[in-house]
Amino acid sequence: MLLLHCPLLLLLLPLSSRTQKLPTRDEELFQMQIRDKAFFHDSSVVPDGAEISSYLFRDTPKRYFFVVEEDNTPLAVTVTPCDAPLEWKLSVQELPEEASGEGSGEPEPLEQQKQQITNEEGTELFSYKGNDVEYFVSSSSPSGLYQLDLLSTEKDTHFKVYATTTPESDQPYPELPYDPRIDVTSLGRTTVTLAWKPSPTASLLKQPIQYCIVINKEHNFKSLCAVEAKLSSDDAFMMAPKPGLDFSPFDFAHFGFPTDNNAGKERGFLKSSSKFGRQTSSKPRVDLHKVCIGNKNIFTVSDLKPDTQYYFDMFAVNTNTNMSTAYVGTFARTKEEAKQKTVELKDGKVTDVFIKRKGAKFLRFAPVSSHQKVTFSVHSCLDAVQIQVRRDGKLLLSQNVEGVRQFQLRGKAKAKYLIRLKGSKKGASVLKVLATTRPNKQSFPSLPEDTRIKAFDKLRTCSSVTVAWLGTQERNKFCIYKKEVDDNYNEEQKKREQNQCLGPDTRKKSEKVLCKYFHSQNIQKAVTTETIRGLQPGKSYLLDVYVIGHGGHSVKYQSKLVKTRKFC
């Protein structure tokens, strides 16, 4: 089958008085033309045995031609709509048997030849309307000029066309197995495991096939062309994951596929940009991802949202031809998030809370009596945590908390408060939480903004060090402790001892230096100093200051590493 633009066809028609047969496909020439993509770009030629991609403007029909030169020729035509339904029709008309001029040898005018071929109404062989990948297949087709007419009435759209006179030997599309469904073999709160039967093109014909998975929250796709139309032309396929690592296309804060470029990261996504048709403004990123995973036929998608429905599509892609076939897509809803056990807070009582790394805990406070104000005190013993407070469903507070913080909110009769605590990404979190409707019922001591201990280097001797720390306007009890440590004591060891919730009761009596009460009405002068004596020359010591509140709860200042002079 030689495939020609109409003007090209007329030029190749005989100019002599006798009609000649159109030449058969020159394979060497054909392969050269296929390699030269510009040969078929934006023309009306359908090449024999190669897929073309083109574009339709809405309500603007497009016509393609190809010639079958001999009767009883096998013929297969495939049309793939991309992002909109198509109306398409395949028809055929006879080629002129003889040229005019009664054997005079004079050539027929070109315009007259064109009218003879194209103005006649051809015989319709097949028509279709929809967005499915649809085929016309015939084992014995008549010779003639074939016309393929396409129209999109919905919007501007991409599409693909493939035609061949050797369908048995070409087989560019991967064959589907007898059961082309995708099976959901495992379902969790954030994971879905998929399995499918391999394509016979890979298992029997040993052709290179890779599988491409598409995940989205809207609907299934009928072709890979439709998927690519949703994404930008720059959004290339992903490389296959490393052996033993299933790809997780949702390594983000949420399933929303952020637009930042992660191309430099392992298993990252490429940034997309829209380049379709007449568009002048960029579209927002769609909730859609595709990834090619090689030739394995089982795959786990992870980091999904709980209790969310996802659609999964699988495409077998022949890597030699880059042509694909769609499996029957499926969908699944992830399991609901395990319901968090809510801890009830009692008015004026401190509650200990432990949160796993990146975890969360929910606390509930329901005052039994009417109240004008409610105070929440949070003591984060290790790293900073996030606190959210809702009253009857309305968000009142959302902040990060490090150390001791107090939040006073306006009360409401019969109100119920829900507190959500989100842990640190660095590690587990330990907290103490107090809720009360009585403002004078404060179990935690007040703290200055700066809880560091300062050491005075010039006052350092072989047996003593002098330190200072800040206090507040509230009278509190301060206790200072010392512990001898090795010279190679480092910041990592120091960090492990930074649990501010561990009180003086966890220390040895021999480590206690002294306790004293201190406060100042002038906050600028709320500074106290202390000289620690009886130390050994050239030794390192870890100093800790604890402030103890009226309710007996203590908070530790930041530890300080000091060293006495070796020679005095």
Side-chain angles (χ1 to χ4, degrees), residues 189 253-254 305-308 336-356 358-424 428-449 451 471-477 500-501 503 519 521 523 547-555:
R189 291 191 298 272
H254 58 279
K305 279 188 175 182
D307 193 27
T308 304
E336 291 184 12
E337 185 73 79
K339 290 186 178 180
Q340 289 274 3
K341 183 180 179 182
T342 303
V343 178
E344 294 288 341
L345 296 177
K346 294 184 178 180
D347 198 333
K349 184 177 180 181
V350 176
T351 301
D352 294 315
V353 180
F354 175 81
I355 307 174
K356 294 179 181 179
K358 292 185 178 180
K361 280 287 177 69
F362 290 90
L363 314 177
R364 182 175 176 270
F365 181 52
V368 293
S369 58
S370 60
H371 56 285
Q372 292 183 337
K373 293 181 179 180
V374 60
T375 303
F376 293 97
S377 300
V378 180
H379 184 188
S380 178
C381 308
L382 299 171
D383 295 311
V385 297
Q386 185 189 58
I387 179 173
Q388 286 185 345
V389 179
R390 294 178 184 272
R391 184 183 64 204
D392 299 331
K394 182 181 179 181
L395 183 65
L396 301 179
L397 171 71
S398 181
Q399 285 192 26
N400 288 331
V401 173
E402 192 169 5
V404 176
R405 289 289 301 277
Q406 289 185 350
F407 305 99
Q408 196 168 76
L409 306 175
R410 183 176 296 175
K412 187 178 179 181
K414 299 182 180 179
K416 292 180 176 59
Y417 300 85
L418 182 67
I419 302 97
R420 180 181 184 266
L421 298 169
K422 187 176 181 181
S424 168
S429 301
V430 179
L431 303 96
K432 291 180 179 291
V433 180
L434 170 73
T436 181
T437 57
R438 292 167 283 176
N440 58 343
K441 185 72 174 179
Q442 301 298 333
S443 295
F444 294 123
S446 60
L447 287 175
E449 289 186 5
T451 58
T472 66
Q473 293 173 316
E474 181 182 330
R475 188 172 186 268
N476 285 316
K477 181 180 180 182
Q500 292 186 338
C501 294
H519 77 288
Q521 293 300 324
I523 194 65
V547 54
I548 303 169
H550 301 300
H553 293 282
S554 63
V555 179

Interatomic spacing from NZ in Lys373 to OG1 in Thr437 - rounded to 0.5 Å: 13.0 Å
From Asn400 atom CG to Asp383 atom CG, the distance as rounded to the nearest 0.5 Å: 11.5 Å
Step by step, would you call Ser429 with Leu382 a side-chain contact (heavy atoms from CB on, under 4.5 Å)? CA-CA 6 Å; Ser429 301; Leu382 299 171; 5.9 Å; no
Mind running side-chain contact (heavy atoms from CB on, under 4.5 Å) on Ile419 and Val433 for me, showing each step along the way? CA-CA 10 Å; Ile419 302 97; Val433 180; 5.7 Å; no
Taking all non-hydrogen atoms of both residues into account, name the closest pair between Phe365 and Leu345 and its distance. CD1-O, 3.5 Å
Side-chain (Arg391) to main-chain (Arg410) donor-acceptor, under 3.5 angstrom: yes
Taking every non-hydrogen atom, the tightest pair across Arg438 and Thr436: N-OG1, 3.0 Å
From OG1 (Thr351) to CG (Leu434), nearest 0.5 Å: 8.0 Å
What one should report as the nearest heavy-atom pair of Leu447 and Val547 is CD2-CG1, 3.4 Å
dist Asp307:CG -> Arg189:CZ (nearest 0.5 Å) comes out at 12.0 Å
What do you reckon, is CD of Glu344 surrounded by more than 12 foreign heavy atoms closer than 6.0 Å? yes
With distance as the sole test, does Gln473 use its side chain to make a donor-acceptor pair with the main-chain N or O of Gln521 at under 3.5 Å? yes
Gln386 CD to Gln388 CD distance, which is reported to the nearest 0.5 Å: 5.0 Å
Whether Lys416 side chain and Arg364 backbone form a donor-acceptor pair below 3.5 Å: no
I want to check something: taking the side chain as every heavy atom from C-beta on, are Val368 and Asp347 in contact at a cut-off of under 4.5 Å? no
Is the backbone of Lys432 close enough, under 3.5 Å, to the side chain of Asp352 for a donor and an acceptor to pair up by distance? no
Phe407 side chain near Val401 side chain, heavy-atom distance below 4.5 Å: yes
Restricting to non-hydrogen atoms, name the atom on Ala415 and the atom on Pro367 that form the minimum distance, rounded to 0.1 Å. O-CD, 3.5 Å
In this structure, NE2 of His553 is separated from NE2 of His379 (nearest 0.5 Å) by 11.0 Å
Do Leu431 and Val385 come close enough that some side-chain heavy atom pair is under 4.5 Å? yes
Within the side chain of Thr342, is there an N or O that forms a donor-acceptor pair under 3.5 Å with the backbone of Phe362? no
Start with the C-alpha distance between Leu397 and Tyr417, add both sets of side-chain angles, then the distance that settles side-chain contact (heavy atoms from CB on, under 4.5 Å), and finish with yes or no. CA-CA 11 Å; Leu397 171 71; Tyr417 300 85; over 6 Å; no
Show your working on side-chain contact (heavy atoms from CB on, under 4.5 Å) between Gln406 and Ser377 and close with a plain yes or no. CA-CA 4 Å; Gln406 289 185 350; Ser377 300; 3.3 Å; yes
To check you understand the geometry: which heavy-atom pair defines the closest contact between Val555 and Pro445, and what is its length? CG2-CG, 3.9 Å
